[in-house]
Amino acid sequence: MTIVNLGSINIDHIYTMPHLVTPGETLAATSFQSALGGKGTNQSIAIARAGGTVFHGGMINRKDEGWLKPMIDAGVDVAMVAHGDLPTGHAIVAVDDTTGENQIILSPSSNNAVPDHIGAWLLEKAGEGDWALAQNETNQTSSFLKDAKAKGLSICYSAAPFVADITADLLPLVDLLIVNEGEYADLVSHLGRVDLGINHLIVTKGSKGATYYGDGEPFDCPAIKVEAIDTTGAGDTYLGYVLAGLDGGMTMQDAMERAAVAAAIQVTRLGASEAIPTADEVADASF
(Lines give C-alpha, C1' and ligand atoms only; values in the text may rest on other atoms or scores of the structure.)
Protein backbone atom coordinates (compact mmCIF):
# COMPACT_ATOMS: atom_id res chain seq x y z
CA MET A 1 0.00 0.00 0.00
CA THR A 2 1.06 3.61 -0.57
CA ILE A 3 0.64 7.01 1.09
CA VAL A 4 1.12 10.19 -0.96
CA ASN A 5 1.67 13.36 1.03
CA LEU A 6 1.45 16.92 -0.28
CA GLY A 7 3.30 18.51 2.61
CA SER A 8 5.35 21.40 3.89
CA ILE A 9 9.14 21.33 4.09
CA ASN A 10 10.78 23.68 6.59
CA ILE A 11 14.15 24.36 8.08
CA ASP A 12 13.55 24.61 11.83
CA HIS A 13 15.70 26.91 13.96
CA ILE A 14 15.26 25.55 17.47
CA TYR A 15 16.11 27.59 20.56
CA THR A 16 16.00 26.02 24.03
CA MET A 17 14.97 28.72 26.52
CA PRO A 18 14.91 29.05 30.32
CA HIS A 19 11.23 29.88 29.78
CA LEU A 20 9.06 31.01 26.87
CA VAL A 21 9.59 34.66 26.05
CA THR A 22 7.00 37.16 27.26
CA PRO A 23 6.08 40.40 25.38
CA GLY A 24 8.90 42.95 25.56
CA GLU A 25 11.38 40.47 27.05
CA THR A 26 14.86 39.71 25.67
CA LEU A 27 16.10 36.30 26.72
CA ALA A 28 19.25 34.34 25.86
CA ALA A 29 18.85 30.78 24.60
CA THR A 30 20.61 27.96 26.39
CA SER A 31 21.10 25.96 23.18
CA PHE A 32 20.43 26.18 19.43
CA GLN A 33 20.17 23.78 16.50
CA SER A 34 18.82 23.79 12.95
CA ALA A 35 16.98 20.75 11.62
CA LEU A 36 14.57 19.67 8.90
CA GLY A 37 10.92 20.14 9.85
CA GLY A 38 7.45 21.20 8.75
CA LYS A 39 4.26 19.30 9.53
CA GLY A 40 4.27 17.55 6.17
CA THR A 41 7.92 16.55 6.42
CA ASN A 42 7.54 15.32 9.99
CA GLN A 43 4.52 13.24 9.05
CA SER A 44 6.25 11.69 6.03
CA ILE A 45 9.30 10.76 8.13
CA ALA A 46 7.04 9.28 10.81
CA ILE A 47 5.18 7.20 8.20
CA ALA A 48 8.44 5.92 6.75
CA ARG A 49 9.98 5.12 10.15
CA ALA A 50 6.77 3.33 11.09
CA GLY A 51 7.25 1.06 8.08
CA GLY A 52 4.95 2.78 5.57
CA THR A 53 5.62 3.56 1.91
CA VAL A 54 5.34 7.32 1.40
CA PHE A 55 5.89 9.70 -1.51
CA HIS A 56 6.31 13.35 -0.54
CA GLY A 57 5.49 16.33 -2.77
CA GLY A 58 6.43 19.91 -1.95
CA MET A 59 8.75 22.82 -2.75
CA ILE A 60 12.16 24.03 -1.54
CA ASN A 61 14.81 26.50 -2.64
CA ARG A 62 17.10 24.90 -5.21
CA LYS A 63 20.16 25.52 -2.99
CA ASP A 64 18.66 23.56 -0.08
CA GLU A 65 18.48 20.08 -1.60
CA GLY A 66 20.91 18.82 1.03
CA TRP A 67 18.30 19.46 3.70
CA LEU A 68 16.23 16.58 2.27
CA LYS A 69 18.77 13.98 3.42
CA PRO A 70 16.91 13.09 6.66
CA MET A 71 13.80 12.32 4.60
CA ILE A 72 15.78 10.20 2.17
CA ASP A 73 17.57 8.40 4.99
CA ALA A 74 14.21 7.61 6.61
CA GLY A 75 12.95 6.06 3.37
CA VAL A 76 10.72 8.87 2.09
CA ASP A 77 10.56 9.18 -1.71
CA VAL A 78 11.30 12.87 -2.49
CA ALA A 79 11.33 12.69 -6.30
CA MET A 80 8.21 14.87 -6.33
CA VAL A 81 9.82 17.74 -4.38
CA ALA A 82 10.23 20.74 -6.69
CA HIS A 83 13.16 23.20 -6.55
CA GLY A 84 12.74 26.93 -7.10
CA ASP A 85 14.06 30.39 -6.30
CA LEU A 86 11.94 31.30 -3.27
CA PRO A 87 13.46 30.67 0.17
CA THR A 88 12.65 27.31 1.71
CA GLY A 89 9.99 27.60 4.41
CA HIS A 90 11.35 27.97 7.90
CA ALA A 91 10.24 28.05 11.51
CA ILE A 92 11.65 29.64 14.63
CA VAL A 93 10.92 27.25 17.49
CA ALA A 94 11.34 28.26 21.14
CA VAL A 95 11.29 25.36 23.61
CA ASP A 96 10.82 25.82 27.36
CA ASP A 97 13.72 23.97 28.99
CA THR A 98 11.58 23.14 32.02
CA THR A 99 8.22 22.04 30.57
CA GLY A 100 9.05 21.11 26.97
CA GLU A 101 6.26 23.38 25.72
CA ASN A 102 6.97 25.46 22.62
CA GLN A 103 6.21 28.61 20.65
CA ILE A 104 6.58 28.58 16.87
CA ILE A 105 6.89 31.36 14.28
CA LEU A 106 6.35 30.03 10.77
CA SER A 107 7.40 31.51 7.41
CA PRO A 108 5.68 29.49 4.63
CA SER A 109 7.59 30.90 1.63
CA SER A 110 8.16 28.02 -0.87
CA ASN A 111 5.44 25.96 0.82
CA ASN A 112 2.88 28.38 -0.63
CA ALA A 113 4.32 28.11 -4.12
CA VAL A 114 4.08 24.37 -4.81
CA PRO A 115 3.64 24.01 -8.62
CA ASP A 116 0.30 22.73 -9.90
CA HIS A 117 1.80 19.56 -11.42
CA ILE A 118 3.19 18.22 -8.13
CA GLY A 119 -0.17 16.85 -7.01
CA ALA A 120 -0.66 15.07 -10.33
CA TRP A 121 2.83 13.54 -10.07
CA LEU A 122 2.05 12.27 -6.59
CA LEU A 123 -1.23 10.71 -7.66
CA GLU A 124 0.55 8.79 -10.42
CA LYS A 125 2.20 6.83 -7.60
CA ALA A 126 -1.08 5.82 -5.96
CA GLY A 127 -4.28 4.06 -6.80
CA GLU A 128 -7.65 3.08 -5.42
CA GLY A 129 -7.40 2.06 -1.79
CA ASP A 130 -4.19 4.00 -1.10
CA TRP A 131 -4.07 7.09 1.14
CA ALA A 132 -3.62 10.77 0.30
CA LEU A 133 -2.46 13.07 3.09
CA ALA A 134 -2.36 16.86 3.30
CA GLN A 135 -2.17 19.66 5.85
CA ASN A 136 -2.81 23.42 5.83
CA GLU A 137 0.85 24.40 5.36
CA THR A 138 0.94 24.35 1.55
CA ASN A 139 -1.07 25.63 -1.38
CA GLN A 140 -2.84 23.11 -3.66
CA THR A 141 -4.35 21.22 -0.69
CA SER A 142 -7.96 21.44 -1.85
CA SER A 143 -7.33 20.53 -5.49
CA PHE A 144 -4.96 17.71 -4.49
CA LEU A 145 -7.48 16.12 -2.14
CA LYS A 146 -10.32 16.50 -4.65
CA ASP A 147 -8.26 14.79 -7.36
CA ALA A 148 -7.20 12.07 -4.92
CA LYS A 149 -10.80 11.41 -3.93
CA ALA A 150 -11.85 11.21 -7.57
CA LYS A 151 -9.14 8.60 -8.12
CA GLY A 152 -10.50 6.44 -5.31
CA LEU A 153 -7.91 7.20 -2.63
CA SER A 154 -8.79 7.44 1.05
CA ILE A 155 -8.20 10.91 2.45
CA CYS A 156 -6.38 11.78 5.68
CA TYR A 157 -6.44 15.46 6.54
CA SER A 158 -4.30 17.09 9.21
CA ALA A 159 -6.20 20.36 9.67
CA ALA A 160 -3.33 22.46 10.97
CA PRO A 161 -2.59 25.29 11.12
CA PHE A 162 -6.33 25.27 11.82
CA VAL A 163 -8.73 27.46 9.83
CA ALA A 164 -12.38 26.58 10.53
CA ASP A 165 -13.92 27.49 7.17
CA ILE A 166 -11.18 25.75 5.15
CA THR A 167 -11.54 22.61 7.24
CA ALA A 168 -15.34 22.68 6.98
CA ASP A 169 -15.16 22.98 3.18
CA LEU A 170 -12.88 19.93 2.92
CA LEU A 171 -14.86 17.65 5.26
CA PRO A 172 -16.94 16.05 2.45
CA LEU A 173 -13.68 14.65 1.03
CA VAL A 174 -12.20 13.40 4.29
CA ASP A 175 -12.12 9.80 5.53
CA LEU A 176 -9.84 10.40 8.53
CA LEU A 177 -9.57 13.76 10.28
CA ILE A 178 -7.03 14.30 13.05
CA VAL A 179 -7.36 17.49 15.11
CA ASN A 180 -6.54 18.52 18.65
CA GLU A 181 -9.28 19.20 21.17
CA GLY A 182 -9.14 22.98 20.71
CA GLU A 183 -9.44 22.66 16.94
CA TYR A 184 -12.30 20.21 17.33
CA ALA A 185 -14.17 22.61 19.62
CA ASP A 186 -13.69 25.45 17.13
CA LEU A 187 -14.88 23.27 14.24
CA VAL A 188 -18.00 22.14 16.13
CA SER A 189 -18.74 25.78 16.98
CA HIS A 190 -18.24 26.84 13.36
CA LEU A 191 -20.50 24.09 11.99
CA GLY A 192 -23.08 24.26 14.78
CA ARG A 193 -23.11 20.46 15.13
CA VAL A 194 -21.10 17.72 16.80
CA ASP A 195 -21.45 15.16 14.00
CA LEU A 196 -18.87 16.06 11.34
CA GLY A 197 -20.20 13.52 8.84
CA ILE A 198 -16.88 11.71 8.34
CA ASN A 199 -15.93 8.06 8.76
CA HIS A 200 -13.09 8.46 11.22
CA LEU A 201 -12.18 11.25 13.63
CA ILE A 202 -9.30 11.34 16.10
CA VAL A 203 -9.21 14.16 18.64
CA THR A 204 -5.77 14.41 20.24
CA LYS A 205 -5.51 15.75 23.78
CA GLY A 206 -1.80 16.01 24.47
CA SER A 207 -0.84 14.38 27.75
CA LYS A 208 -4.44 13.14 28.13
CA GLY A 209 -4.19 10.93 25.05
CA ALA A 210 -6.71 10.81 22.21
CA THR A 211 -10.34 9.90 21.53
CA TYR A 212 -11.61 8.09 18.46
CA TYR A 213 -15.05 8.62 16.93
CA GLY A 214 -16.20 6.48 14.02
CA ASP A 215 -16.93 2.79 13.56
CA GLY A 216 -18.63 1.44 16.67
CA GLU A 217 -18.51 3.15 20.04
CA PRO A 218 -16.04 5.98 20.70
CA PHE A 219 -12.99 4.97 22.68
CA ASP A 220 -10.10 6.66 24.45
CA CYS A 221 -6.45 5.84 23.90
CA PRO A 222 -4.44 7.15 26.86
CA ALA A 223 -1.10 8.87 26.47
CA ILE A 224 1.97 7.29 28.02
CA LYS A 225 3.34 9.30 30.92
CA VAL A 226 6.91 10.45 30.31
CA GLU A 227 9.03 13.47 31.22
CA ALA A 228 8.81 15.63 28.09
CA ILE A 229 11.93 17.37 26.81
CA ASP A 230 10.38 18.91 23.68
CA THR A 231 6.80 18.48 22.42
CA THR A 232 7.53 19.87 18.93
CA GLY A 233 6.38 17.37 16.31
CA ALA A 234 4.63 15.01 18.73
CA GLY A 235 1.30 15.35 16.92
CA ASP A 236 2.97 14.73 13.57
CA THR A 237 4.65 11.61 14.92
CA TYR A 238 1.30 10.40 16.23
CA LEU A 239 -0.46 10.99 12.91
CA GLY A 240 2.29 9.33 10.89
CA TYR A 241 2.22 6.22 13.02
CA VAL A 242 -1.59 6.02 12.98
CA LEU A 243 -1.75 6.35 9.20
CA ALA A 244 1.10 3.93 8.55
CA GLY A 245 -0.60 1.43 10.86
CA LEU A 246 -3.94 1.71 9.10
CA ASP A 247 -2.28 1.49 5.69
CA GLY A 248 -0.52 -1.66 6.87
CA GLY A 249 -3.76 -3.33 7.95
CA MET A 250 -3.81 -2.58 11.68
CA THR A 251 -7.06 -1.85 13.51
CA MET A 252 -7.68 1.73 14.54
CA GLN A 253 -7.14 0.94 18.21
CA ASP A 254 -3.89 -0.92 17.59
CA ALA A 255 -2.64 1.87 15.33
CA MET A 256 -3.47 4.51 17.95
CA GLU A 257 -1.83 2.53 20.75
CA ARG A 258 1.38 2.14 18.74
CA ALA A 259 1.25 5.83 17.83
CA ALA A 260 0.99 6.72 21.53
CA VAL A 261 4.23 4.84 22.21
CA ALA A 262 5.95 6.58 19.28
CA ALA A 263 4.84 10.02 20.47
CA ALA A 264 5.96 9.25 24.03
CA ILE A 265 9.45 8.39 22.78
CA GLN A 266 9.54 11.44 20.50
CA VAL A 267 8.84 13.99 23.25
CA THR A 268 11.72 12.69 25.35
CA ARG A 269 14.12 13.91 22.65
CA LEU A 270 14.97 17.41 21.45
CA GLY A 271 13.72 18.43 18.02
CA ALA A 272 10.96 17.35 15.66
CA SER A 273 11.83 15.11 12.70
CA GLU A 274 15.14 13.89 14.11
CA ALA A 275 13.38 12.81 17.32
CA ILE A 276 10.88 10.51 15.60
CA PRO A 277 11.54 6.87 16.60
CA THR A 278 11.80 3.90 14.27
CA ALA A 279 9.35 1.00 14.31
CA ASP A 280 11.95 -1.15 16.05
CA GLU A 281 12.41 1.44 18.81
CA VAL A 282 8.66 1.55 19.31
CA ALA A 283 8.39 -2.24 19.40
CA ASP A 284 11.24 -2.46 21.93
CA ALA A 285 9.93 0.31 24.21
CA SER A 286 9.31 -0.80 27.79
CA PHE A 287 6.70 1.74 28.90
Check whether any side-chain N or O of [X] sits under 3.5 Å from a backbone N or O of [Y] as a donor-acceptor pair, and report yes or no.
{"X": "Y241", "Y": "A279", "answer": "yes"}
{"X": "H13", "Y": "V93", "answer": "no"}
{"X": "S110", "Y": "L86", "answer": "yes"}
{"X": "Q266", "Y": "A272", "answer": "yes"}
{"X": "S8", "Y": "K39", "answer": "yes"}
{"X": "D96", "Y": "N102", "answer": "no"}
{"X": "D64", "Y": "W67", "answer": "no"}
{"X": "T237", "Y": "G233", "answer": "yes"}
{"X": "T278", "Y": "E281", "answer": "yes"}
{"X": "N136", "Y": "P161", "answer": "yes"}

Mind checking the [atom1]-[atom2] spacing from [X] to [Y]? Nearest 0.5 Å is all I need.
{"X": "D116", "Y": "W121", "atom1": "CG", "atom2": "CH2", "answer": "12.0 Å"}
{"X": "I9", "Y": "L68", "atom1": "CD1", "atom2": "CG", "answer": "5.5 Å"}
{"X": "M250", "Y": "L243", "atom1": "CE", "atom2": "CG", "answer": "12.5 Å"}
{"X": "Q140", "Y": "H117", "atom1": "CD", "atom2": "NE2", "answer": "10.0 Å"}
{"X": "S44", "Y": "R49", "atom1": "OG", "atom2": "CZ", "answer": "11.5 Å"}
{"X": "L153", "Y": "D147", "atom1": "CG", "atom2": "CG", "answer": "10.5 Å"}

Could you report the tightest heavy-atom contact between [X] and [Y], atom names first, then the distance?
{"X": "A160", "Y": "Q135", "answer": "O-CB, 3.7 Å"}
{"X": "A134", "Y": "T141", "answer": "CB-CG2, 3.8 Å"}
{"X": "A48", "Y": "G75", "answer": "CB-C, 4.1 Å"}
{"X": "L133", "Y": "F144", "answer": "O-CE2, 3.6 Å"}
{"X": "R258", "Y": "V282", "answer": "CG-CG1, 3.6 Å"}
{"X": "T167", "Y": "A159", "answer": "OG1-CB, 3.5 Å"}

Find out whether [X] and [Y] are in side-chain contact, i.e. whether some heavy atom of one side chain is under 4.5 Å from a heavy atom of the other.
{"X": "H90", "Y": "S109", "answer": "no"}
{"X": "L170", "Y": "Y157", "answer": "yes"}
{"X": "D220", "Y": "Y212", "answer": "no"}
{"X": "L6", "Y": "I118", "answer": "yes"}
{"X": "I14", "Y": "F32", "answer": "no"}
{"X": "V267", "Y": "T232", "answer": "no"}
{"X": "I45", "Y": "V54", "answer": "no"}
{"X": "T41", "Y": "N10", "answer": "no"}

(message) Is it true that, when you exclude K146 itself, more than 12 heavy atoms of the residues, nucleotides or ligands shown sit nearer than 6.0 Å to its NZ?
(response) no
(message) Are there over 12 heavy-atom neighbours, none belonging to Q103, within less than 6.0 Å of that residue's CD?
(response)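 Atom CD in Q103 is crowded, with more than 12 foreign heavy atoms closer than 6.0 Å.
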Any chain of hydrophobic side-chain contacts (each under 4.5 Å) joining [X] to [Y]?
{"X": "V81", "Y": "I11", "result": "yes"}
{"X": "L173", "Y": "Y213", "result": "yes"}
{"X": "I198", "Y": "V188", "result": "yes"}
{"X": "V174", "Y": "V203", "result": "yes"}
{"X": "L36", "Y": "I276", "result": "yes"}

(request) Check step by step if side-chain contact (heavy atoms from CB on, under 4.5 Å) holds for T2 and V4. (result) CA-CA 7 Å; T2 297; V4 290; 4.2 Å; yes
(message) My understanding is that only one of T16, L20, D230, I229 makes a side-chain contact (heavy atoms from CB on, under 4.5 Å) with D97; could you say which?
(response) T16
(message) Using the rule given for side-chain contact (heavy atoms from CB on, under 4.5 Å), can you reason through Q33 versus L270, listing the C-alpha separation, both sets of side-chain angles and the distance that settles it, and then say yes or no?
(response) CA-CA 10 Å; Q33 66 173 311; L270 185 63; 3.2 Å; yes
(request) Indicate yes or no: does D130 engage K151 in a salt bridge with an N to O separation below 4.0 Å. (result)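 Salt bridge: no.
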(message) If the threshold is 4.0 Å, N to carboxylate O, is there a salt bridge linking R269 and E274?
(response)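 No, R269 and E274 are not salt-bridged.
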(request) Could you please spell out the steps behind the side-chain contact (heavy atoms from CB on, under 4.5 Å) verdict for T231 and T99? (result) CA-CA 9 Å; T231 59; T99 66; over 6 Å; no
(request) Run the numbers on D175 and K149 for salt bridge (charged side-chain N to carboxylate O under 4.0 Å, His left out), then give the verdict. (result) CA-CA 10 Å; D175 296 286; K149 193 71 171 182; 2.9 Å; yes
(request) I would like to know whether E25 and H19 meet side chain to side chain donor-acceptor pair (under 3.5 Å); could you show each step before the answer? (result) CA-CA 11 Å; E25 180 182 20; H19 59 262; 2.8 Å; yes
(request) State whether a side-chain donor-acceptor pair under 3.5 Å links D236 with Q43. (result) yes
(message) Under a 3.5 Å cutoff, is there a donor and acceptor pairing between the side chains of D254 and T251?
(response) yes
(message) Evaluate L196 against L187 for side-chain contact (heavy atoms from CB on, under 4.5 Å), listing each step before the verdict.
(response) CA-CA 9 Å; L196 304 184; L187 185 57; 3.8 Å; yes
